[in-house]
Protein chains: 2
Amino acid sequence: MTGKNERYQEILAAARNVFAEKGFDDTKVSEIAQMAGVAKGTFYIYFPSKLDLVLALVREMQGKILSEAEKVTNLNVDHFEKLVQVIKIAFIVIESYRDVFPIFNAVSAFKTDQWKVEKEIRIPYYNVLKTLIENGQKSGEFNRKLNAEMTAVLIVGMVEHVAHDCFIYHSDYCIDDYLHTIDSLLRKALKGR
Amino acid sequence: MTGKNERYQEILAAARNVFAEKGFDDTKVSEIAQMAGVAKGTFYIYFPSKLDLVLALVREMQGKILSEAEKVTNLNVDHFEKLVQVIKIAFIVIESYRDVFPIFNAVSAFKTDQWKVEKEIRIPYYNVLKTLIENGQKSGEFNRKLNAEMTAVLIVGMVEHVAHDCFIYHSDYCIDDYLHTIDSLLRKALKGR
DNA sequence: TATAAAAGACTGACAGTCAGTCATATAAGT
DNA sequence: ACTTATATGACTGACTGTCAGTCTTTTATA
């Protein structure tokens with residue numbers, strides 16, 4: 001059981017190394033297998049396809065974001081501070097997955113119905129943000145006029161695009177610069193009377 | 001000369017039909033060629049690769065957004081109104097290119113250095129937004145504390161993610177719902193004292 | 001000895017190539 | 001002017017190389 005899970009993890013780790021170097025499309029399954037020290041056939045015992053391996057990595061990334069975010073929501077600070085921390089967590093985890101993150105954005109281009117998988121993976125994080133905003137609204141800390149669900153989508157858009165700008169485009173600005181700008185922008189938008 | 005350009009356009013149009021139906025990865029070059037009524041070899045006279053065809057379509061889309069946006073920047077309305085209109089234009093054009101838009105986001109996953117191309121295509125739109133924000137700041141209409149360039153990146157993130165939510169995820173919300181939310185969010189963030 | 005894991009040779013599909021065809025345009029010969 | 005030769009380049013589709021995914025065989029384990 002442990003042995004089997006080790007192989008699985010070895011292949012995941014090897015895949016991340018090759019993706020980091022070559023990107024998704026130029027990475028051959030045989031290379032991943034070689035780097036993991038197994039034969040190509042073994043790869044297919046653990047993963048039904050190359051795309052499924054990527055989805056496993058993306059789910060792993062989202063899982064880490066969620067578990068870290070849940071810790072924050074239990075902290076004893078105001079709702080705005082929680083929101084900023086949840087955004088910061090996303091940046092930190094995405095940075096540690098900078099090799100798989102660009103592929104996440106690409107998933108819906110591969111097969112026509114993959115957008116369902118992509119959406120399903122994003123929904124829990126949307127919900128964390130949505131609940132946080134709703135709670136802030138109920139407590140009177142946040143402006144009640146904004147739709148919490150749509151605002152959550154807007155925030156995810158900002159977060160992912162900033163991650164793209166910093167980790168893929170190698171922007172002049174770093175994550176902390178952006179965090180500061182997001183903080184002032186959202187502070188006015190959510191707490192403004 | 002015209003004839004050559006016609007073939008080029010025919011292949012672009014055919015490609016969009018097939019992409020709309022099957023997505024990028026499941027579309028075969030031979031299908032695009034067949035739909036355009038030419039042989040596969042002819043495709044490669046006009047486009048060096050399948051990916052280059054997509055980039056041509058994406059550049060076409062960005063070109064339309066830019067030319068429409070430039071009209072708006074010359075209008076005689078306040079800066080905030082211009083900003084909202086430029087955002088609305090992006091939505092309208094992206095909607096008419098909903099078949100190629102998901103592929104745009106995927107470009108950087110294909111080859112490791114494609115992010116340069118992706119960035120180069122986005123820069124002009126970033127600049128339109130940046131200039132608009134800077135002008136608003138100079139005139140005293142917008143809060144001077146926000147960094148115009150980073151704010152432009154944040155807005156593009158919101159716009160593209162919303163487009164994704166509406167045109168690919170088939171969200172419960174429509175573009176007009178989101179436009180309204182973006183309007184109130186940015187109004188407070190930019191015009192708030 | 002049976003059962004599961006691992007191996008890698010094999011297959012099919014498809015992106016991209018290339019040697020050659022064909023229609024049209026231009027020049028030459030009558 | 002009018003036929004015939006020459007050149008051009010758009011167009012073709014059979015062909016090649018590559019690689020994802022399969023399948024049969026081999027090896028380890030219980």
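By convention in this document, chain letters (A, B, ...) are assigned in the order of the sequence lines, proteins followed by strands, and residues within each chain are numbered from 1.
Side chains of E118(B) and S108(B): a donor-acceptor N/O pair is present below 3.5 angstrom, by distance only.
Residues S49(A) and D52(A) have side chains in contact (heavy-atom distance under 4.5 Å, counting atoms from C-beta outward).
Classified by interplanar angle (parallel below 30°, tilted 30° to 60°, perpendicular above 60°), the ring pair H164(B)/H161(B) is parallel.
Rounding to whole angstrom units, CZ of residue F47(B) and P of dC11(D) are separated by 13 Å. Residue Y46(B) contributes atom OH, which lies 13 Å from atom P of dG9(D) at whole-angstrom precision. Rounding to whole angstrom units, CG of residue D52(A) and P of dG21(D) are separated by 9 Å. Between I32(A) atom CD1 and dA20(D) atom P the separation is 8 Å, expressed in whole Å. I11(A) places its CD1 atom 9 Å from the P atom of dA7(C), with the value rounded to the nearest Å. To the nearest angstrom, C1' of dA20(D) lies 13 Å from CD of E31(A). Rounded to whole Å, the distance from CG on L51(B) to C1' on dC14(C) is 16 Å.
By the salt bridge (Lys or Arg N to Asp or Glu O under 4.0 Å) test, K22(A) pairs with E31(A), sequence neighbours left out.
For the atom pair CD1 of I175(B) and CD1 of I87(B), the computed distance is 11.0 Å after rounding to the nearest 0.5 Å.
The closest donor-acceptor contact from the side chain of K50(B) to the backbone of F24(B) lies under 3.5 Å.
Using a 4.0 Å cut-off on heavy atoms, none of the residues of residues 18-30 of chain A approach DNA chain C.
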Between the protein and nucleotides 12-16 of chain D, list the N/O to N/O atom pairs that are separated by less than 3.5 angstrom.
{"from": "dT12(D)", "atom 1": "OP2", "to": "A39(B)", "atom 2": "N", "distance (Å)": "2.8"}
{"from": "dT12(D)", "atom 1": "OP2", "to": "T42(B)", "atom 2": "OG1", "distance (Å)": "2.7"}

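Between Y8(B) and F47(B), the distance separating the two ring centers is shorter than 6.0 angstrom.
Electrostatic pairing of E21(A) and R16(A) does not count as a salt bridge here, judged by no charged N lying under 4.0 Å from a carboxylate O.
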